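Quick caveat, the model's predicted, so the values are computed rather than measured.
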Amino acid sequence: MKKTILPVMMMGMCAASAMAGVTGNAPNTDLNLMPYPQSVELHQGRIAITSDFKVYIQGYQSERITFTAQRLIDRLARQTGLPLLSPFASQASEATVIIEVKEAAKTPVQSLDTDESYTLTAENGRIVLSSARPYGAIRGIETLLQLVETDRDGYFVPQVTISDAPRFPWRGVSYDTSRHFIPVAVIKRQLDAMASAKLNIFHWHLWDDQAIRIQLDSYPKLWQMTADGHYYSKDQIRDVVAYARQLGIRVIPEISLPGHASAVAHAYPSLMSGEEGQTYPHQRHWGVFEPLMDPTNPALYTFLGKVFDEVVALFPDEYVHIGGDEPDYSQWTNNAGIQDFIRSHQLDGNQGLQSYLNTKVETLLAERGKKVMGWDEIWHKDLPKSVVIQSWRGHDSIGRAAQEGYQGILSTGYYLDQPQPTSYHYRNDPMPPGIQVDDTLHPGETFVTYEWVKPRTKGGPRKGLLTIIEGKDGTVRAFTDYNGKSRAKVEVLDYVPSTRFRGHFDNFMSYTEFNLRFADTQLAEGSYQLIGNVRWPTTGTLVAGTAIKGSEIPAPTGGYPAELNAREQQRILGGELTVWAENLDGMTVENRIWPRSYAIAERLWSDAALTDEASMYRRMAVVDDWAELSVGLQHHVNARLMLQRLANGQGPSKADGQVQGTATMQIPGTLQAVTTLQTLARYTEPAQYYARNWEKWIQTTPSGQLYNQHERLNRFVDALPVESLTVYGMNALVQHYQAERQPETLVALRAHFELAAQAAEQAKTIFAENTASVATVPLADATTDVAEIAGHLITALEQGQALSQADSDAYRQRLSQAAAIYDEAIVATVKPAESLLVLVEQMQPST
């Protein structure tokens with residue numbers, strides 16, 4: 001979000017902060033820092049930043065510290081525009097900033113015990129950044145650059161004392177460059193951004209079903225036959241690793257085995273477990289595929305040994321990631337020789353064979369001085385405890401692995417290829433929280449348990465239980481047993497027994513909100529679950545309750561979440577953002593991951609008690625602007641270019657190009673068209689979670705013909721940010737009006753809806769004239785319809801007019817229709833409009 005967004009937007013964001021007292025903790029501070037330091041003391045006064053700005057390096061000297069100082073200078077020049085002509089001081093007394101590093105890093109290669117702590121003191125006209133090791137200085141300059149402000153009197157840093165260190169040592173990002181190739185320049189820009197967020201591990205996913213993008217001389221067909229010429233040469237990899245080191249970022253490669261091996265199968269089919277002589281096509285589709293490496297074949301270990309020889313020569317980090325996720329065991333099951341091997345070696349079935357392979361691989365890598373990490377599926381009773389488990393299946397997995405002695409990192413809840421509300425990521429802590437709800441029925445309490453079913457467009461339905469307990473004092477608590485996962489607390493938003501229930505929880509993959517209505521022992525038609533921002537119809541039946549004789553609260557279908565003792569908690573190393581690239585390329589990837597990566601980075605770096613979501617959103621909006629200017633991120637630039645491509649040179653149809661009141665001045669046609677699309681984009685969101693993937697799956701008959709590398713990434717939705725901060729502000733305005741009943745709040749909301757409708761009407765022509773956006777026209781119509789409904793509702797609130805039941809039902813039905821997915825996008829204004837409808841309905845006299 002830009003600082004120049006219309007005043008109505010800023011009013012919404014201010015309302016978000018004002019509502020913090022209603023919805024959560026009060027904002028912790030006014031400083032726009034992210035991730036927020038462990039200790040901040042703000043003092044009166046300021047340190048001026050002028051063209052005489054100078055840096056002095058004191059203590060330990062190295063090429064990396066000089067690079068860090070130059071990085072500070074270059075970024076400061078970008079932020080301020082000041083000509084910093086002589087930025088290095090010859091003595092400390094001349095310096096504006098003193099960078100003081102006490103000694104060299106303990107080891108040449110960064111590791112888990114790297115000291116990243118620093119202190120930053122700005123007082124008496126000077127800024128001192130001090131750290132024990134170089135990594136602290138690298139982290140500290142980012143805080144310093146975020147502190148730079150400006151007013152009419154000049155540029156400055158407030159007088160402040162900061163003491164800071166990370167909460168977790170593992171703060172990574174896994175970038176998939178296999179599904180779609182990401183150019184080196186884009187990768188380096190993401191490394192710059194990672195450093196600005198104090199993230200310290202780049203997990204480079206180079207190897208998957210669709211392509212192997214690393215140059216390997218011993219087996220050249222791996223990349224020559226699968227990468228379509230888009231691979232990373234050894235020199236490019238060395239360059240990226242060296243650049244990352246300067247930024248204090250480790251680089252860990254992933255070599256996936258035994259599954260996600262279709263590319264290996266295409267290049268070297270004899271290493272697979274299928275029939276002798278079988279060949280495999282170059283896989284272009286997305287999904288989980290059958291080819292599986294053959295652990296009983298000695299040639300496989302020769303292959304892996306030579307691959308590892310080349311990989312470890314390029315990547316100095318102590319870890320190599322071996323994948324291990326989503327194995328399709330059918331080839332092993334159907335291979336008589338492999339099943340004989342399992343029996344003769346007394347292995348624990350197919351999973352035992354995978355563990356046998358992992359143990360062999362662990363030995364191969366240990367001989368080359370490396371440690372192993374892999375996804376959940378490698379976890380097995382025979383797996384060496386030295387292996388680090390990366391969890392994509394949730395706190396259940398990482399918690400239970402920690403209880404069995406394994407170190408682990410969490411990726412569940414940090415999947416950035418999925419559009420999700422940033423608040424969902426922000427609430428997700430790597431540390432397993434244990435059970436968060438009292439699920440025991442106490443004397444005098446009543447309960448109901450519904451079994452629910454939610455279909456999915458791709459794959460089977462999700463099922464689970466929802467239990468609602470009402471206390472003697474009228475308080476309500478709820479929990480769900482979701483699809484076999486451990487019991488989870490549901491935050492109750494609204495409950496009228498036998499009538500309706502609304503509540504939400506964060507499941508292991510998405511924000512989930514129950515919106516249920518009851519009809520006797522069934523969930524009534526119109527009940528749904530909101531997954532991210534997409535409505536999924538939900539059916540269900542009452543299966544237990546106080547009114548049912550002999551009934552009890554069902555036992556948890558997935559057990560209880562793990563509760564770790566202090567020793568086990570030490571095994572949780574941190575977390576890793578994960579960016580799978582099925583629907584991303586070099587032009588769209590940044591818009592998917594920034595700025596919300598800053599919020600996750602804060603969860604991994606900052607104190608666990610920092611949970612104020614309103615403060616997070618406010619600071620993230622400012623840091624987003626800062627990152628574009630200081631770091632050089634291009635997510636906003638690329639989004640604008642994609643909208644310009646959709647505009648296709650179109651101009652205003654009549655006199656729309658005139659600036660109001662200035663008849664002689666014309667706005668260029670393409671500029672106006674792009675501005676129109678940018679405005680509509682502020683009120684639109686991508687369909688969240690994996691809804692977009694599934695929409696692609698069902699576009700064709702038979703399904704899945706566009707679920708592949710050939711699918712276009714040029715829709716309107718591809719230019720959208722993951723979450724509309726404008727609509728976040730609108731939702732906050734509705735909450736603010738509910739609490740304060742201030743008329744100007746409704747004025748601001750009306751301005752939003754009218755602006756969205758105006759942009760939607762103008763965008764219809766643009767969409768209709770471009771083959772890439774013809775299917776987006778209904779989105780514009782739905783946006784206009786929502787704005788019309790909201791206008792009537794705002795008038796009703798302003799005039800204190802209740803709605804008839806028929807009008808209320810009609811509005812709700814229209815809003816439900818407008819909440820559908822349109823060309824993979826969602827009309828985000830439905831949510832604040834529906835909240836307005838609830839407020840109007842509450843005015844109706846009771847019957």
Side-chain angles (χ1 to χ4, degrees), residues 436-455 461-483 487-505 507 511-531 535-557 738 802-816 819 830-831 834-847:
Q436 298 294 298
V437 63
D438 178 4
D439 65 343
T440 300
L441 190 69
H442 300 286
E445 296 184 328
T446 60
F447 84 98
V448 290
T449 297
Y450 282 84
E451 184 176 55
W452 53 261
V453 179
K454 174 181 67 68
R462 294 295 192 193
K463 301 179 181 180
L465 300 174
L466 173 67
T467 298
I468 307 167
I469 300 175
E470 190 171 4
K472 290 188 295 184
D473 58 357
T475 59
V476 180
R477 63 189 187 275
F479 52 86
T480 187
D481 298 291
Y482 188 94
N483 216 61
R487 180 157 286 178
K489 177 182 179 181
V490 175
E491 297 288 346
V492 179
L493 302 174
D494 178 38
Y495 178 53
V496 178
S498 303
T499 303
R500 66 179 183 266
F501 175 84
R502 181 168 168 255
H504 73 85
F505 80 108
N507 79 24
Y511 171 83
T512 300
E513 183 178 296
F514 293 101
N515 288 266
L516 309 177
R517 292 181 178 267
F518 306 121
D520 295 326
T521 61
Q522 304 295 314
L523 296 183
E525 184 177 355
S527 295
Y528 66 90
Q529 290 181 41
L530 194 69
I531 308 299
R535 300 182 181 198
W536 296 92
T538 301
T539 57
T541 302
L542 180 69
V543 295
T546 304
I548 301 175
K549 187 175 181 179
S551 184
E552 296 181 346
I553 293 175
T557 57
Q738 183 178 15
L803 294 177
S804 69
Q805 187 63 52
D807 284 344
S808 178
D809 291 344
Y811 284 150
R812 188 171 297 280
Q813 179 63 27
R814 286 169 63 184
L815 289 173
S816 179
V830 167
K831 187 171 183 178
E834 198 163 56
S835 297
L836 289 172
L837 176 58
V838 171
L839 292 181
V840 175
E841 288 174 334
Q842 290 171 351
M843 293 195 306
Q844 298 189 52
S846 59
T847 56

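- In plain terms, the two heavy atoms of Pro537 and Pro455 that are nearest each other are O-CD, 3.0 Å.
- You'll find the side chain of Pro497 reaches within 4.5 Å of the side chain of Glu470, heavy atoms only.
- Closest heavy-atom contact between Val437 and Ala478: CG2-O, 3.8 Å.
- Using modelled atom types, no side-chain atom of Thr449 and backbone atom of Val543 make a donor-acceptor pair closer than 3.5 Å.
- Ring pair Phe505/Phe479: centre-to-centre distance not below 6.0 Å.
- Environment of NZ in Lys489: sparse, with no more than 12 heavy atoms of neighbouring residues, nucleotides or ligands closer than 6.0 Å.
- Without hydrogens or angle criteria, Asp481 side chain to Leu465 main chain gives no donor-acceptor distance under 3.5 Å.
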Worked check of side-chain contact (heavy atoms from CB on, under 4.5 Å) between Ile553 and Ile469: CA-CA 10 Å; Ile553 293 175; Ile469 300 175; 3.8 Å; yes

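- Atom-to-atom distance recorded for Glu451:CD and Thr467:OG1 is 11.0 Å, nearest 0.5 angstrom.
- Taking the charged nitrogens against the carboxylate oxygens, Arg812 and Glu841 do have a contact shorter than 4.0 Å, which makes a salt bridge.
- Put simply, OG1 on Thr539 and CD on Gln522 are 8.5 Å apart, with the number rounded to the nearest 0.5 Å.
- Ion pair Arg535/Glu834 flagged as a salt bridge, since at least one NZ, NE, NH1 or NH2 atom sits closer than 4.0 Å to an Asp/Glu carboxylate oxygen.
- Across Pro461 and Val453, no two heavy atoms sit closer than the pair CB-CG1, 4.0 Å.
- Looking at Trp452 and Phe514, their side chains come closer than 4.5 Å, going by heavy atoms from C-beta outward.
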CA sep, side-chain torsions, deciding dist, call: Phe501, Leu466, side-chain contact (heavy atoms from CB on, under 4.5 Å): CA-CA 10 Å; Phe501 175 84; Leu466 173 67; 3.9 Å; yes

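- Counting heavy atoms from C-beta outward, Leu523 and Tyr450 have side chains that approach closer than 4.5 Å.
- Rounded to the nearest 0.5 angstrom, Leu803 CG and Leu837 CG are separated by 7.0 Å.
- A heavy-atom distance below 4.5 Å is not found between the side chains of Tyr811 and Leu836.
- Within the 4.5 Å cutoff, side-chain heavy atoms of Arg477 are placed close to those of Asp438.
- Around the CD atom of Glu552, the shell of radius 6.0 Å holds no more than 12 heavy atoms that belong to other residues, nucleotides or ligands.
- Side chain of Asp473 to backbone of Thr475: a donor-acceptor contact under 3.5 angstrom is found.
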Ile468 and Val476: CA distance, side-chain angles, deciding distance, side-chain contact (heavy atoms from CB on, under 4.5 Å) verdict: CA-CA 7 Å; Ile468 307 167; Val476 180; 3.6 Å; yes

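- Between the side chains of Gln813 and Asp809, no donor N or O sits under 3.5 Å from an acceptor N or O.
- Counting heavy atoms from C-beta outward, Trp536 and Tyr528 have side chains that stay 4.5 Å or more apart.
- Checking Thr546 against Thr446 by side-chain atom types alone, no donor-acceptor pair falls below 3.5 Å.
- The shortest distance between side-chain heavy atoms of His504 and Leu493 falls below 4.5 Å.
- With Thr538 contributing its side chain and Gln529 its backbone, the two residues share a donor-acceptor pair below 3.5 Å.
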Candidate pair Glu513 and Arg502, rule salt bridge (Lys or Arg N to Asp or Glu O under 4.0 Å), full reasoning: CA-CA 7 Å; Glu513 183 178 296; Arg502 181 168 168 255; 3.2 Å; yes

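- Val448 has its side chain out of reach of Phe518: every pair of non-hydrogen atoms, C-beta onward, lies at least 4.5 Å apart.
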